[in-house]
Amino acid sequence: MKKTIKIFVVAAVLITWSCKKEVSAEQDITTSLQENAKAPKTKVAFDKEVHDFGEIKQGEVVATTFTIKNVGDNDLYIAEAHGSCGCTVPEVTKEAIEPGESAPIHVKFDSNGKSGEVTKSVMITCNTAKIVETIRIKASIKSK
């Protein structure tokens, strides 16, 4: 009985801790989006809006780099970037990108469990008039 109570207490502590962490992350995103809304707007251009990996094997992890350029008059701030699913993972700078400057957006795609023609999106929340800029990756995945 004591063992069951200990397990229950440990589980309750872990659940409480993980929920608090999730709320904190949610608060961070909300705060950064609110700050983004207050930031002066700018304009961006991408070196490409779609990257086609072509034919890849199922289970292969591939990567590409997009370049985002600040073509406006104010600093560019990227509040967050996320893929349309967990298989698409972007990495972006959190530093301000000054007018005329560029920064890489690294995108990894894990084709595990996917097959056929696939298109995934990366949404970039930033201080532009659109608020969310979108780039895409494509692949033709051949089953093993």
Side-chain angles (χ1 to χ4, degrees), residues 5-144:
I5 292 173
K6 285 181 184 179
I7 291 172
F8 178 75
V9 170
V10 169
V13 169
L14 288 175
I15 290 170
T16 303
W17 180 76
S18 66
C19 289
K20 285 182 182 177
K21 193 171 188 175
E22 186 175 311
V23 168
S24 176
E26 191 174 292
Q27 287 171 341
D28 289 346
I29 290 169
T30 301
T31 301
S32 70
L33 291 175
Q34 289 169 345
E35 290 171 3
N36 182 56
K38 295 176 190 174
K41 301 300 180 219
T42 193
K43 297 177 183 175
V44 297
F46 294 95
D47 64 332
K48 57 188 174 185
E49 292 187 23
V50 178
H51 178 82
D52 190 346
F53 288 109
E55 189 174 300
I56 62 174
K57 295 177 185 172
Q58 187 178 47
E60 196 173 349
V61 177
V62 291
T64 189
T65 301
F66 292 82
T67 301
I68 186 170
K69 183 174 185 177
N70 182 351
V71 295
D73 297 324
N74 297 305
D75 285 353
L76 171 63
Y77 300 98
I78 299 175
E80 69 169 336
H82 63 275
S84 54
C85 74
C87 63
T88 307
V89 181
E91 290 180 22
V92 297
T93 182
K94 293 296 180 187
E95 301 297 318
I97 303 167
E98 295 180 7
E101 297 297 314
S102 299
I105 300 173
H106 303 289
V107 180
K108 288 184 184 178
F109 171 67
D110 184 350
S111 66
N112 193 32
K114 311 279 187 276
S115 63
E117 300 297 319
V118 176
T119 300
K120 299 294 179 182
S121 300
V122 174
M123 286 71 66
I124 303 152
T125 305
C126 53
N127 60 317
T128 59
K130 287 173 59 177
I131 300 171
V132 177
E133 303 288 335
T134 304
I135 53 179
R136 291 178 175 73
I137 58 168
K138 295 171 33 174
S140 178
I141 304 168
K142 299 299 174 190
S143 299
K144 293 181 180 178

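Only heavy atoms go into these numbers, but all of them, side chains included; no hydrogens, no water, no symmetry mates. Please read all numbers here as calculations on a predicted model, not as lab measurements. Count residues from 1 along the sequence.
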- Task: Just jot down the salt bridge (Lys or Arg N to Asp or Glu O under 4.0 Å) partners of K108, sequence neighbours excluded, or say none.
- Result: none

- Item | Nearest-0.5 Å distance that lies between atom NZ in K41 and atom CG in N74 | 10.0 Å

- Query: Considering all heavy atoms of both residues, which atom of I97 and which atom of E101 are nearest to each other, and what is their separation?
  - Reply: CG2-O, 3.4 Å

- Query: If you round to the nearest 0.5 Å, how far is SG of C126 from CD1 of I68?
  - Reply: 5.0 Å

- Closest non-hydrogen atoms of G72 and P99, given as atom of the first, atom of the second and distance, are O-CB, 3.3 Å

- Item | side-chain hydrogen bond (donor to acceptor under 3.5 Å, both in side chains) contacts touching residues 49-72 (sequence neighbours left out) | T42-N70, K48-H51, K48-T64, H51-T64, T65-H106

- Whether over 12 other heavy atoms sit under 6.0 Å from D47 CG: yes

- Message: Please list all pairs meeting side-chain hydrogen bond (donor to acceptor under 3.5 Å, both in side chains) that have one or both residues in residues 81-98, counting only residues at least two apart or in different chains.
- Response: none

- Query: Roughly how far apart are I105 CD1 and I124 CD1, rounded to 0.5 Å?
  - Reply: 3.5 Å

- Task: Any pair with a residue in residues 118-133 that passes salt bridge (charged side-chain N to carboxylate O under 4.0 Å, His left out), sequence neighbours left out, goes on the list, sorted by first then second residue, please.
- Result: K130-E133

- With distance as the sole test, does N127 use its side chain to make a donor-acceptor pair with the main-chain N or O of D75 at under 3.5 Å? yes

- Who pairs with A45 by side chain to side chain contact (heavy atoms under 4.5 Å, CB included), at least two apart in sequence or on another chain? V71

- Item | Close side-chain approach of V62 to S111, heavy-atom, < 4.5 Å | no

- Item | All side chain to side chain contact (heavy atoms under 4.5 Å, CB included) counterparts of A139, not counting sequence neighbours | F53, I56, F109, I141

- Item | For F66, ring-ring contact (aromatic ring centres under 6.0 Å, His included) partners two or more places apart | none

